[in-house]
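The next block holds one structure in the form of structure tokens; read it before the comments.
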Amino acid sequence: MFSGLLGWLSSEQGMMALLVDNWRLGCGLIALVVFLETGLVMLPFLPGDSMLFAAGAFLGVAGLSPLLPVMLITAAAIAGDATNYAIGRSPLGQQIVRRGWVKPAHLAKTRRYFDRFGGPTVSIGRFLPVVRSAAPFLAGLSGMDTRRFALFNCLGAVLWCGSLMVGGYWLGSIGWIQHHLGLLSVGMAPTTSLVLLAAPLLMRGLKRR
């Protein structure tokens with residue numbers, strides 16, 4: 001039953017169908033997915049990026065204001081990272097590592113980002129699958145200062161949720177795009193690629209501050 005629920009949560013088609021039927025409930029469940037993906041280091045496979053973009057696009061097509069959904073999902077992203085950070089700082093964090101509940105390759109990949117960029121990994125890591133889930137956990141595990149983590153946590157959540165949802169909303173509000181919705185999924189790939197290419201430069205800039 002639990003695996004079936006996770007499978008449904010990770011299904012973009014199922015979530016889009018729910019948005020059409022009840023957009024408030026759909027946005028609430030997307031907030032839940034974002035919280036789980038960022039709050040539990042063991043769930044890095046949930047499709048946060050594409051769901052945010054798709055939710056924004058749906059709001060644009062439907063002519064609904066994105067303000068409250070963006071605020072709700074941003075709050076869920078902040079709460080998720082804060083939860084993951086707290087788990088990493090607690091004795092449970094060491095147990096999770098010892099028991100191998102997190103893939104060592106995921107931790108190693110994220111640790112390389114921390115070694116290279118430091119604290120800004122928490123912010124820009126939002127745009128990187130796997131790193132998004134592991135960064136707050138490793139920040140807590142390594143004893144990163146709470147206030148410093150909170151700053152990068154909030155900054156990253158606002159940038160991540162805001163850029164993807166507003167980007168999707170803007171495309172979804174264009175009349176021609178509304179009749180060619182398949183292009184939205186095509187537009188998602190270059191958007192994410194540009195972020196990935198820009199991430200190292202943004203990290204260096206944040207690190208100097």
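Values reported hereafter were calculated over all heavy atoms of this structure, with side chains retained and with hydrogens, waters and symmetry mates removed.
M71 belongs to a hydrophobic cluster whose remaining members, ordered by chain and number, are L67, L68; membership requires side-chain heavy atoms of ILVMFWY residues under 4.5 Å apart, directly or through intermediates.
Nearest approach of M165 to P69, heavy atoms of both residues: CE-CB, 4.1 Å. The minimum heavy-atom distance linking I87 with G39 is given by the pair CD1-O, 3.9 Å. Residue F149 comes nearest to A139 through the heavy atom pair CD1-CB, 3.9 Å, listed as atom of the first residue, atom of the second, then distance. Taking each heavy atom of N84 and F137 in turn, the nearest pair found is OD1-CB, 3.3 Å. The nearest pair of heavy atoms linking T38 to P136 is O-CG, 4.0 Å. Shown here for P66 and L59, the closest heavy-atom pair between the two residues is CA-CD1, 3.9 Å.
Atom CH2 of W160 is separated from atom CG of D81 by 8.5 Å, given to the nearest 0.5 angstrom. F58 CZ to C27 SG: the interatomic distance, rounded to the nearest 0.5 Å, is 7.5 Å. Between atom CD1 of residue I96 and atom CG of residue L141 there is a gap of 9.0 Å, rounded to the nearest 0.5 Å. For the atom pair CG of N153 and CZ of R148, the computed distance is 13.5 Å after rounding to the nearest 0.5 Å. The distance from the CG atom of L32 to the CD1 atom of I73 is 11.0 Å, given to the nearest 0.5 Å. Remark: T121 OG1 to M144 CE distance equals 8.5 Å, nearest 0.5 Å.
In this structure, the side chains of T146 and R89 come closer than 4.5 Å at one or more pairs of heavy atoms.
Of the possible polar contacts, one joining the R126 side chain to the A77 backbone as a donor-acceptor pair under 3.5 Å is found.
The residue from L159, I78, V122 that alone fulfils the side-chain contact (heavy atoms from CB on, under 4.5 Å) condition with C154 is I78.
With sequence neighbours excluded, no residue satisfies ring pair (Phe, Tyr, Trp, His ring centres under 6.0 Å) with Y169. By the ring pair (Phe, Tyr, Trp, His ring centres under 6.0 Å) test, F35 is found to be paired with no residue, residues two or more places apart in sequence or in another chain being considered.
Both L29 and L36 belong to a common hydrophobic cluster when Ile, Leu, Val, Met, Phe, Trp and Tyr are linked at side-chain heavy-atom distances under 4.5 angstrom. Hydrophobic clustering keeps V166 apart from L64 (ILVMFWY residues linked when any side-chain heavy atoms are closer than 4.5 Å, directly or through intermediates). Under the 4.5 Å side-chain heavy-atom criterion for grouping Ile, Leu, Val, Met, Phe, Trp and Tyr, V158 is not connected to M51 through any hydrophobic cluster.
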